[in-house]
Amino acid sequence: MKEPIFGKERFPPKYQKAVGFKSCASYMHEISRDLVRAIKSAEIIERDNKEYKVFEIGVGSARNLHYIKEEFPNVRI
């Protein structure tokens, strides 16, 4: 059985260029900012309320939590 190929070697250079780390990273940050805008516009969290707690299970660098904490500094993460 052939071993699976992971990482850069798995995808052709043209594909990597189209969706590579740099373009993906900015796209993912924009999605996190959109999430915070949605939370803010729906008034799910009040900016000065210290009762709110946010718990997130996920993978990655906790971008969502970073942007939530930036917009709502009193939220407990």
Side-chain angles (χ1 to χ4, degrees):
M1 188 164 120
K2 191 174 179 181
E3 288 291 317
I5 300 171
F6 295 100
K8 269 183 131 174
E9 293 76 30
R10 183 173 182 165
F11 301 100
K14 187 176 180 181
Y15 177 82
Q16 290 179 42
K17 187 175 180 184
V19 296
F21 177 76
K22 289 183 181 178
S23 62
C24 181
S26 62
Y27 176 70
M28 297 303 287
H29 282 276
E30 191 54 39
I31 289 173
S32 294
R33 288 184 196 106
D34 282 345
L35 170 67
V36 172
R37 284 190 285 270
I39 290 169
K40 190 176 178 181
S41 69
E43 298 178 352
I44 294 170
I45 299 175
E46 297 164 0
R47 185 167 174 81
D48 297 324
N49 192 325
K50 294 180 181 175
E51 299 298 316
Y52 287 97
K53 297 175 187 172
V54 175
F55 179 75
E56 180 187 52
I57 297 175
V59 298
S61 61
R63 267 184 326 275
N64 292 341
L65 295 177
H66 167 78
Y67 289 112
I68 289 170
K69 187 70 172 174
E70 187 176 76
E71 182 64 35
F72 306 101
N74 291 323
V75 165
R76 290 182 45 198
I77 303 294

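Since the model is a prediction, treat every value here as computed from it, not as a measurement. This chain uses plain numbering: 1 for the first residue, then up along the sequence.
Across all their heavy atoms, Y67 and H29 have their closest contact at OH-ND1, 2.8 Å.
Both I68 and I44 sit in one connected hydrophobic cluster of ILVMFWY residues. Membership requires side-chain heavy atoms under 4.5 Å apart, directly or through other members. I31 and L35 fall into different hydrophobic clusters, where Ile, Leu, Val, Met, Phe, Trp and Tyr side chains are chained together by heavy-atom contacts under 4.5 Å.
Residues that satisfy the salt bridge (Lys or Arg N to Asp or Glu O under 4.0 Å) test with K40, not counting sequence neighbours, are E71.
Counting heavy atoms from C-beta on, the side chains of V54 and F72 never come closer than 4.5 Å.
Here the straight-line distance linking atom CG of L65 with atom CD1 of I77 works out to 5.0 Å at 0.5 Å rounding. Interatomic distance, R63 CZ to E30 CD, rounded to the nearest 0.5 Å: 11.5 Å.
For E70, the CD atom is densely surrounded, since the number of other residues' heavy atoms within 6.0 Å is greater than 12.
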